[in-house]
Amino acid sequence: MSFYITTPIYYTNDVPHIGHAYTTIACDIIARYNKLLGKDVFFLTGTDEHGQKVEKAAIKLNLNPKEFVDKLSVNFINLIPFLGCEIDDFIRTTEDRHIKSSQALWKQLEKNNQIYLSNYEGWYSIRDEAYYLESELKKIDGKYFTNNGSPVEWVKEESYFFKLSEWEDKLIEYYENNQNSILPKTRYNEVLQFIKGGLKDLSISRTTFNWGVPVPNNSKHVMYVWIDALCNYLTAIGYPDINNKKYNKYWPATHIVGKDILRFHAVYWPAFLMAAGIEPPKRIFAHGWWTNEGQKISKSVGNVIDPYNIINEYGLDQIRFFLFREVPFGNDGDFSKKTIANRINADLSNNFGNLVQRISSFVIKNNNSLLKPSENLNKVDKALINLLQNKYDEYCNFMNNQQIDRAIKSVLELISAGNAYVDNQAPWLLKKTNKIRMEEVLFVITNIIIKSSIMLYPIIPTSSKKILNIFNYNIDNYKFDNFATLIKHNIKINNSEPIFPRILND
RNA sequence: GGCGGAGUAGCUCAGUUGGUCAGAGCGCACGGCUCAUAUUCGUGAUGUCGGGGGUUCAAAUCCCUCCUCCGCUACCA
């Protein structure tokens with residue numbers, strides 16, 4: 001089994017912010033989970049480096065566009081390990097392999113009679129470098145202006161078009177037969193409604209700037225963004241060589257995207273692919289946006305969240321955990337210091353971290369740092385093991401649908417039950433009355449801790465490893481298998497410091 | 001305007017096909033334990049499940065209507 005997951009490629013017009021980090025971490029979590037399932041995973045991210053904005057920005061700085069994007073792309077590359085993410089490839093749209101690939105896709109579409117040359121007409125604002133619909137304009141003294149007051153003029157530009165309109169019925173049919181291929185459900189509805197509202201042919205080339213992939217056999221045109229950018233998902237697995245191993249193993253992909261670019265991924269992209277005779281993506285998941293202390297995040301407000309700052313302040317796993325525990329994946333969320341502290345303290349420090357700490361130090365003090373497997377499980381033990389199985393099943397079901405928050409909650413419920421189990425069994429009393437039973441209890445709860453750490457590993461990999469190290473448990477190359485069965489070998493316990501220090505209120 | 005989604009305890013939210021569905025976490029109150037990062041365990045309170053009407057033996061769950069909020073309504077990325 002293989003699994004191909006992608007982030008969008010990030011536009012190189014600014015430094016990365018929390019939104020980029022969020023998407024990348026989401027993919028990392030999903031990739032790690034799929035590896036635990038035993039799948040052969042390919043995790044791709046990269047940068048989108050073409051377009052008029054980049055060209056203009058470069059000129060402003062007296063750089064050629066390539067020099068400019070080289071600088072900006074590095075910021076995205078460097079961020080990945082800082083986020084604790086392990087990718088398999090990083091693609092840049094300015095690479096040769098990608099230029100070849102997107103031109104090949106273009107030619108394939110041309111060959112399949114999906115592209116024609118015509119004119120794009122519309123109200124164009126030179127100041128905004130953008131086309132406007134008449135409904136977006138206001139008329140003053142017979143002339144049209146945008147809402148910002150920019151004058152517009154009727155412009156006719158030669159452009160290649162993609163026959164998107166031909167794919168309306170096929171897209172509807174495809175999505176009606178593949179209802180889980182766009183998640184969350186509400187996004188699926190949105191996309192389907194949009195398609196049912198009718199599709200017009202899509203302008204896919206530009207002549208007004210040069211910084212892009214040249215259209216094959218007509219260098220006056222560069223490819224417009226969505227052909228160039230989306231094609232990266234194919235490039236990375238070797239397109240146009242469709243006989244290569246990677247391509248055959250990994251396609252179709254699961255795309256994780258922000259809700260703002262859902263349409264490009266869920267309408268244009270599958271249409272391009274089908275038109276080129278390629279299978280559409282397996283799944284497109286659209287996530288939401290973050291606000292900062294209830295405020296919309298924007299550069300002009302000056303409340304942009306820098307991933308480096310926030311992770312240095314709270315810790316990598318703490319932030320990874322917060323981002324995916326706090327908010328249902330797909331919804332918008334609010335980034336607030338108070339909520340972050342509450343979440344970390346309640347779930348990680350008090351619930352999970354404390355369970356690890358109370359058990360590991362108890363075994364060290366009272367059982368020579370060593371636990372032997374136990375055969376004599378009583379009803380209470382078995383109930384807890386049953387719960388482990390149930391929570392594991394829930395966890396997998398949720399993770400398979402990218403409901404990361406629900407998956408985490410399932411594990412937290414298991415951990416809570418573990419804490420209650422310890423209180424009920426009170427090994428500190430058994431120490432005086434029944435040492436054999438004490439060791440059984442410790443062995444069972446240690447199993448719960450280990451399995452919980454494994455389930456949380458995709459979310460908090462560094463901390464999970466630290467915890468597993470305390471119990472001398474190696475997760476490298478681990479695959480889910482008979483997950484709820486107890487460990488059969490002796491467990492030696494190492495000394496440890498608290499894994500999740502509490503966040504103190506300021 | 002059109003289409004879609006949502007309004008459930010102080011807060012954030014679960015509630016499959018109508019019948020322990022009135023819940024969880026956090027917060028709050030009280031009590032217990034002391035192995036543990038002053039952590040944990042137990043008990044409890046607060047809600048006319050947005051308003052109104054209807055279908056049904058039975059509705060948070062179906063239908064109608066009204067109110068409020070949100071998303072989408074195509075070529076910046």
[X] [atom1] - [N] [atom2] separation (whole Å):
X: A:Phe324; N: B:G25; atom1: CZ; atom2: C1'; value: 20 Å
X: A:Phe161; N: B:A74; atom1: CZ; atom2: C1'; value: 13 Å
X: A:Phe329; N: B:C13; atom1: CZ; atom2: P; value: 16 Å
X: A:Lys338; N: B:C26; atom1: NZ; atom2: P; value: 14 Å

Closest to the [X] side chain, choosing from [options]:
X: A:Ser361; options: B:A14, B:G42, B:A36; answer: B:A36
X: A:Asn354; options: B:G5, B:C41, B:A36; answer: B:A36
X: A:Phe264; options: B:U34, B:A36, B:A77; answer: B:A77
X: A:Asn350; options: B:A74, B:A77, B:U39; answer: B:U39
X: A:Arg502; options: B:U39, B:A77, B:A74; answer: B:U39
X: A:Arg187; options: B:G71, B:G4, B:A77; answer: B:G71

Under 4.0 Å between any heavy atoms, over every strand shown, what does [X] touch: base, sugar-phosphate, or nothing? Just pick one.
X: A:Lys200; answer: base
X: A:Ser416; answer: sugar-phosphate
X: A:Leu199; answer: base
X: A:Gly258; answer: nothing

task = Name the residue closer to the 5' end of RNA chain B, choosing between A:Lys432 and A:Pro328 according to the nucleotide with the nearest heavy atom.
result =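 Taking each residue's closest nucleotide, the earlier one in sequence belongs to A:Pro328.
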ask   = Closer than 4.0 Å, any side-chain N/O of A:Arg206 to the OP1 or OP2 of B:A77?
value =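 No, A:Arg206 has no side-chain N/O under 4.0 Å of OP1/OP2 on B:A77.
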